[in-house]
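Residue numbers begin at 1 in each chain, while the letters A, B, ... track the order of the sequences.
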Protein chains: 2
Amino acid sequence: MIAKINLKEQGLTETTPRLAVLKAMEANTAQHMSADDVYRYLLERDRPLPMSTVYRVLAQFEQAGIVERHSFDAERTKQVYELKDPEHHDHMICIKCRSVHEFLDPQIESRQIEIAENLGFSLTDHSLNLYGICAGCVQKDAQSEKTIKQ
Amino acid sequence: MIAKINLKEQGLTETTPRLAVLKAMEANTAQHMSADDVYRYLLERDRPLPMSTVYRVLAQFEQAGIVERHSFDAERTKQVYELKDPEHHDHMICIKCRSVHEFLDPQIESRQIEIAENLGFSLTDHSLNLYGICAGCVQKDAQSEKTIKQ
DNA sequence: ATGGTATTGCGACTCATTCTCATTCGTATT
DNA sequence: AATACGAATGAGAATGAGTCGCAATACCAT
């Protein structure tokens with residue numbers, strides 16, 4: 001659960017575009033939103049914002065620590081955003097259906113810190129993405145294979 | 001140490017452009033090479049190859065398992081390639097000097113497999129990038145801070 | 001040498017993202 | 001409430017990595 005975000009508290013003045021983008025993000029916490037997703041959401045449900053503003057506002061949000069930016073796709077390098085969860089998590093991406101599961105593993109987290117320390121690195125950030133085929137798609141695959149063999 | 005690569009063994013005919021790109025990669029195992037790095041290397045040391053061919057050949061190499069593609073940069077999403085190491089490794093990137101350290105941690109590796117299993121995922125791949133400031137840059141930072149304070 | 005397939009060179013193209021700059025908005029101050 | 005000044009926005013052009021289409025060329029088996 002993500003706490004209600006107040007722009008002023010994050011050092012951002014409350015403008016109409018910023019509130020709109022924030023609304024779009026809050027309405028879609030279940031997904032990771034690309035700039036285009038935000039753009040289309042606002043076009044349909046709210047009022048249109050130019051893409052340049054969507055990008056700008058998302059960048060401002062990222063700087064203010066309101067959202068996090070990721071790029072999951074190994075091929076197409078499209079960026080997506082999500083409201084920042086106070087507790088960090090990693091991602092597991094289904095390469096078939098593009099669904100994203102979030103997970104947190106304290107063991108890996110602490111191991112990363114150890115590794116960084118050993119190498120004399122001052123760790124500021126990290127990203128761990130697991131790619132694979134989700135339970136649902138594994139099943140679908142198995143079924144379609146059966147169908148073909150018949 | 002990476003074994004000498006034979007294109008034919010990888011199912012690729014030995015053409016001049018492919019050999020040139022391979023040579024460029026083998027001559028620069030210390031760095032991760034962008035398509036542009038390869039392009040410039042060949043322009044200077046060998047014979048020019050059009051960018052489209054560089055990209056194409058690198059893509060063929062990736063498919064054949066000769067190189068691996070990564071995108072380290074959190075901001076600019078530029079892709080880089082490296083000759084594929086038979087044993088997988090992860091990356092630690094210095095956000096100051098852009099240097100990349102490679103590391104391998106069996107504990108994290110096996111934990112990833114466990115996590116995937118628990119979530120019903122069939123794991124095909126993963127990427128773990130640690131971002132931070134390397135030992136060298138930490139020192140430089142400390143020094144320049146001292147200078148400023150004087 | 002010949003023919004057919006695979007590969008290349010070239011430029012045009014796509015698409016996400018960033019930039020520019022004139023206009024408008026937000027807000028602190030009269 | 002008017003003013004003023006910096007911050008934010010809108011619109012569209014620009015950028016830059018990467019891809020595509022297709023004619024020309026290279027590779028290889030016969």
Worksheet item: With a cut-off of 6.0 Å (strictly less than), are more than 12 heavy atoms of other residues, nucleotides or ligands near CD of A:Gln139?
Response: no
Practice prompt. Find the distance B:Met33:CE to D:dG18:P and express it as a whole number of Å.
Written response: 14 Å
Fill in: side chain to side chain contact (heavy atoms under 4.5 Å, CB included) partners for A:Ala35, two or more places apart
A:Met51, A:Val54, A:Tyr55, A:Leu58
Practice prompt. Fit a plane to each ring of A:Phe72 and A:His91, take the angle between them on a 0 to 90° scale, and name the class: parallel (under 30°), tilted (30 to 60°) or perpendicular (over 60°).
Written response: tilted
Distance-only donor-acceptor pairs under 3.5 Å for side chains of residues 109-118 of chain B, two or more places apart:
| from | atom 1 | to | atom 2 | distance (Å) |
| --- | --- | --- | --- | --- |
| B:Ser110 | OG | B:Pro106 | O | 3.2 |
| B:Ser110 | OG | B:Gln107 | O | 3.1 |
| B:Arg111 | NE | A:Asp105 | OD1 | 3.0 |
| B:Arg111 | NE | A:Asp105 | OD2 | 3.2 |
| B:Arg111 | NE | A:Gln107 | OE1 | 3.2 |
| B:Arg111 | NH1 | B:Glu114 | OE1 | 2.6 |
| B:Arg111 | NH2 | A:Asp105 | OD1 | 2.7 |
| B:Gln112 | OE1 | B:His126 | ND1 | 3.1 |
| B:Gln112 | OE1 | B:His126 | NE2 | 3.2 |

Discussion item. Please determine whether a side-chain nitrogen or oxygen atom of B:Gln79 lies at a distance below 4.0 Å from atom OP1 or OP2 of D:dG18.
Written reply: yes
Discussion item. Reading DNA chain D from 5' onward, which residue's closest nucleotide shows up sooner: B:Asp36 or B:Thr15?
Written reply: B:Asp36
Item to complete: Rounded off to whole Å, could you give me the CZ-to-P distance for the A:Phe61 and D:dT9 pair?
Response: 9 Å
Discussion item. If I take atom NZ in residue A:Lys8 and atom P in nucleotide D:dA8, what distance separates them, rounded to the nearest angstrom?
Written reply: 14 Å
Worksheet item: How close or far is atom C1' of C:dA6 from atom CG of B:Leu12, stated in whole angstroms?
Response: 11 Å
Item to complete: Give, ordered by number, those residues of residues 51-58 of chain B having at least one heavy-atom distance below 4.0 Å to an atom of DNA chain D; if nothing qualifies, reply none.
Response: B:Ser52, B:Tyr55, B:Arg56
Worksheet, complete the sentence: In whole angstroms, the gap separating P of D:dA17 from OH of B:Tyr81 amounts to 12 Å
Worksheet item: Of the nucleotides D:dC27, C:dG26, C:dG9, which has the atom closest to the A:Thr16 side chain?
Response: C:dG26
Worksheet item: Can a side chain N or O of A:Thr13 be found less than 4.0 Å away from OP1 or OP2 on C:dC25?
Response: no
Worksheet item: Looking at the side chain of B:Arg18, which of C:dC10, C:dT17, C:dT7 is the nearest nucleotide?
Response: C:dT7
Discussion item. What is the separation between atom NZ on B:Lys78 and atom P on C:dT17, rounded to the nearest whole Å?
Written reply: 17 Å
Discussion item. Are B:Val57 and B:Ile5 linked, directly or through intermediate hydrophobic residues, by side-chain heavy-atom contacts shorter than 4.5 Å (ILVMFWY only)?
Written reply: yes
Discussion item. Run A:Leu130 and A:Asp90 through side chain to side chain contact (heavy atoms under 4.5 Å, CB included) and show every step you take.
Written reply: CA-CA 8 Å; A:Leu130 304 184; A:Asp90 293 313; over 6 Å; no
Worksheet item: Please give, in whole Å, the distance from D:dA8 P to A:Leu22 CG?
Response: 16 Å
Worksheet, complete the sentence: On DNA chain D, more 5' by nearest nucleotide between B:Pro17 and A:Leu49 is A:Leu49
Worksheet item: Between the two ends of the helix from C:dA1-D:dT30 to C:dT30-D:dA1, what is the bend in degrees, rounded to 10 degrees, where each end axis spans five pairs?
Response: 30°
Worksheet item: In the hydrophobic clustering (ILVMFWY, side-chain contacts below 4.5 Å, transitive), which residues join B:Leu104, or is it alone?
Response: none
Item to complete: For B:Thr16, check side chain to side chain contact (heavy atoms under 4.5 Å, CB included) against everything at least two apart and list the hits.
Response: none
Discussion item. Rounded to whole Å, please give me the gap between CZ in A:Phe72 and P in C:dA16.
Written reply: 17 Å
Fill in: Cluster link A:Leu12 to A:Val21, ILVMFWY, side chain under 4.5 Å
yes
